[in-house]
Asks: 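Sharing a structure with you now.
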Amino acid sequence: MTTSLRGLRSIVLGSTSGIGRAVALALAEAGADVIVHGRRSRSEAERVSSLCRDRGVKSSVLISDLSDRDAGDRLVDEAWNLWGGLDSWLHLAGADTLTGSGAQLSFDEKLDLLLSVDVISAIRLCRAIGCKMKEAGGGSIVTIGWDQAETGMEGDSGELFSAAKGSVMAFTRSLSLSLAPTVRVNCVAPGWIKTAWGSGASQDWHDRVVRETPLQRWGTPEDVADVCRFLVGPEAKFLTGQVVRVNGGVVR
C-alpha cells in the first residue's frame, strides 16, 4: 500500500456514494485521515468511514446539507476544528438531477438546485476553507467540473450541467490565483463515468460512450479517485489552477 499521504488531514464532500466514496477510500488507502461528508444519510457515511478506518487511518463523519448556507458555514468550522486544521478539501458534492426524485423536477427546479449545491456552496465553502489554509501556511483544494462544460452538449441536462460545472471550473482558476502561492487549487473534470446514472443508461448511451471515448469504455469512480489522490499529494506540488479532464482521451 502506498503511504504517500500518510498523516494528511482531508475531507471529501459528497463521499457517501459514487465518485466521492471512491475518493475517500483512495485517500485512506494512501494513508490520509478522512472526514466523510454526507447530506443526510448518516448510516451510509458511517459505512464509508468504517471502510476508511479498516485501512488503518482516522475517519469521522460530518452531515450537512450544502443547499443551506448556514449549514455549509458550520461544516467549514466543524471540519477545520475536528483535527486542528485540514490539509486537503475535496469539494465533490453535487445535486443529483439525473436519477431518483431529482430527475422528476422541472428545468427551473433543477437549475435552482444545481446553482445552490454545485455552484454557490463550492464558491462560498472553498473560499472560506482556502482562507483558513492560507493563514495556516498551506493546503490543497480540489473541485469537480465536467469535461463537456467547455464544449457543450445538447439537451436540458447538457445546458444545466454546462452552466453549473463551467462556473465551478472558471472559479477554480481564479481562486487558485487568489490563494497562491500558499494553497493549491485544482479541478477534476470527469467525462463518461459509470456512476448511478451510467449504470442504468440505455444501450444507445453505452454505444455512444464507446464511440466517443478513445479508450472505448466508461470511466469508473476509481479512475477519478486516482487523479484526486495525485492532486492532493506531494507529487502535484507544482500544479495549481488546472482543470484535469478524466475522460478516456476525449478531445473536443
Side-chain angles (χ1 to χ4, degrees), residues 12-26 29 38-41 43-45 47-48 51 90-119 122 142-169 187-231 243-252:
V12 183
L13 274 64
S15 47
T16 57
S17 63
I19 291 173
R21 179 182 186 275
V23 171
L25 296 180
E29 189 71 28
R39 180 170 67 95
R40 59 184 177 186
S41 179
S43 62
E44 287 300 318
R47 186 172 293 110
V48 177
L51 290 172
L90 295 98
H91 201 107
L92 309 182
D96 181 4
T97 60
L98 296 175
T99 65
S101 60
Q104 307 306 315
L105 298 175
S106 69
F107 183 92
D108 284 350
E109 290 170 330
K110 290 179 180 178
L111 177 61
D112 288 342
L113 185 59
L114 286 166
L115 291 177
S116 175
V117 176
D118 291 52
V119 181
V142 176
T143 62
I144 188 163
W146 180 43
D147 76 323
Q148 296 192 61
E150 294 175 313
T151 58
M153 177 181 170
E154 77 283 357
D156 286 1
S157 294
E159 295 166 10
L160 289 164
F161 282 102
S162 63
K165 294 306 185 181
S167 297
V168 172
M169 291 154 70
C187 178
V188 290
W192 298 113
I193 305 298
K194 188 172 279 190
T195 53
W197 178 82
S199 296
S202 68
Q203 186 61 48
D204 286 345
W205 278 108
H206 287 285
D207 293 342
R208 176 175 177 174
V209 169
V210 172
R211 184 175 65 250
E212 293 186 357
T213 306
L215 293 185
Q216 298 184 357
R217 68 170 176 86
W218 287 86
T220 67
E222 289 73 25
D223 290 326
V224 183
D226 288 341
V227 176
C228 290
R229 178 176 56 194
F230 167 74
L231 287 174
V243 175
V244 183
R245 295 185 176 190
V246 188
N247 64 3
V250 177
V251 178
R252 296 181 177 89

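Computed from heavy atoms alone, side chains included, the values below leave out hydrogens, waters and symmetry copies. Counting from 1, the numbers follow the sequence of the chain as shown. What you are looking at is a predicted structure, and each value in this text was computed from that prediction instead of being measured.
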Asks: Shortest non-hydrogen contact from C187 to M169?
Replies: SG-CG, 3.8 Å

Asks: Less than 4.5 Å apart, any side-chain heavy atom of R39 and any of E44?
Replies: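 No; the side chains remain at least 4.5 Å from each other.
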
Asks: Quick one: closest heavy-atom pair of V243 and A189, and the distance?
Replies: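 That closest heavy-atom pairing would be CG1-CB, 3.8 Å.
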
Asks: Identify the heavy atoms of I193 and V246 that sit nearest to each other, and give their distance.
Replies: CD1-O, 4.0 Å

Asks: Once side chain to side chain contact (heavy atoms under 4.5 Å, CB included) is applied, do any residues pair with S202, and if so which ones, sequence neighbours excluded?
Replies: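 Checked S202 against side chain to side chain contact (heavy atoms under 4.5 Å, CB included); matches are D204, W205.
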
Asks: Would you please name every residue forming a side chain to side chain contact (heavy atoms under 4.5 Å, CB included) with V209, sequence neighbours left out?
Replies: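 V209: side chain to side chain contact (heavy atoms under 4.5 Å, CB included) contacts with W192, T213, W218.
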
Asks: If the condition is salt bridge (Lys or Arg N to Asp or Glu O under 4.0 Å), which residues does D226 pass it with, not counting sequence neighbours?
Replies: R229

Asks: With side chains defined as the heavy atoms from C-beta onward, is the minimum distance between N247 and P190 less than 4.5 Å?
Replies: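 No, side chains not in contact.
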
Asks: Only counting residues at least two apart or in another chain, list the ones meeting salt bridge (Lys or Arg N to Asp or Glu O under 4.0 Å) with D223.
Replies: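 Partners of D223 by the salt bridge (Lys or Arg N to Asp or Glu O under 4.0 Å) criterion, ordered by chain and then number, come out as R217.
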
Asks: Please list all pairs meeting side-chain hydrogen bond (donor to acceptor under 3.5 Å, both in side chains) that have one or both residues in residues 156-168, counting only residues at least two apart or in different chains.
Replies: D118-K165

Asks: Could you list the donor-acceptor pairs under 3.5 angstrom formed by side chains in residues 12-24, with sequence neighbours left out?
Replies:
unit_1: S15; atom_1: OG; unit_2: V12; atom_2: O; d: 2.7
unit_1: S15; atom_1: OG; unit_2: H37; atom_2: N; d: 3.0
unit_1: S15; atom_1: OG; unit_2: H37; atom_2: O; d: 3.4

Asks: Partners of R208 by salt bridge (Lys or Arg N to Asp or Glu O under 4.0 Å), sequence neighbours excluded?
Replies: E154, E212

Asks: Determine which pairs satisfy side-chain hydrogen bond (donor to acceptor under 3.5 Å, both in side chains) with at least one residue from residues 98-112, sequence neighbours left out, and list them in order.
Replies: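 Pairs touching residues 98-112 that pass the test: D96-T99, S106-E109.
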
Asks: I'd like to check the salt bridge (Lys or Arg N to Asp or Glu O under 4.0 Å) partners of E150; sequence neighbours left out, ordered by chain and number.
Replies: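 Checked E150 against salt bridge (Lys or Arg N to Asp or Glu O under 4.0 Å); matches are R173, R245.
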
Asks: Roughly how far, to the nearest 0.5 Å, is OG1 of T97 from CG of L114?
Replies: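 Nearest 0.5 Å value for the CG-OG1 distance: 4.5 Å.
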
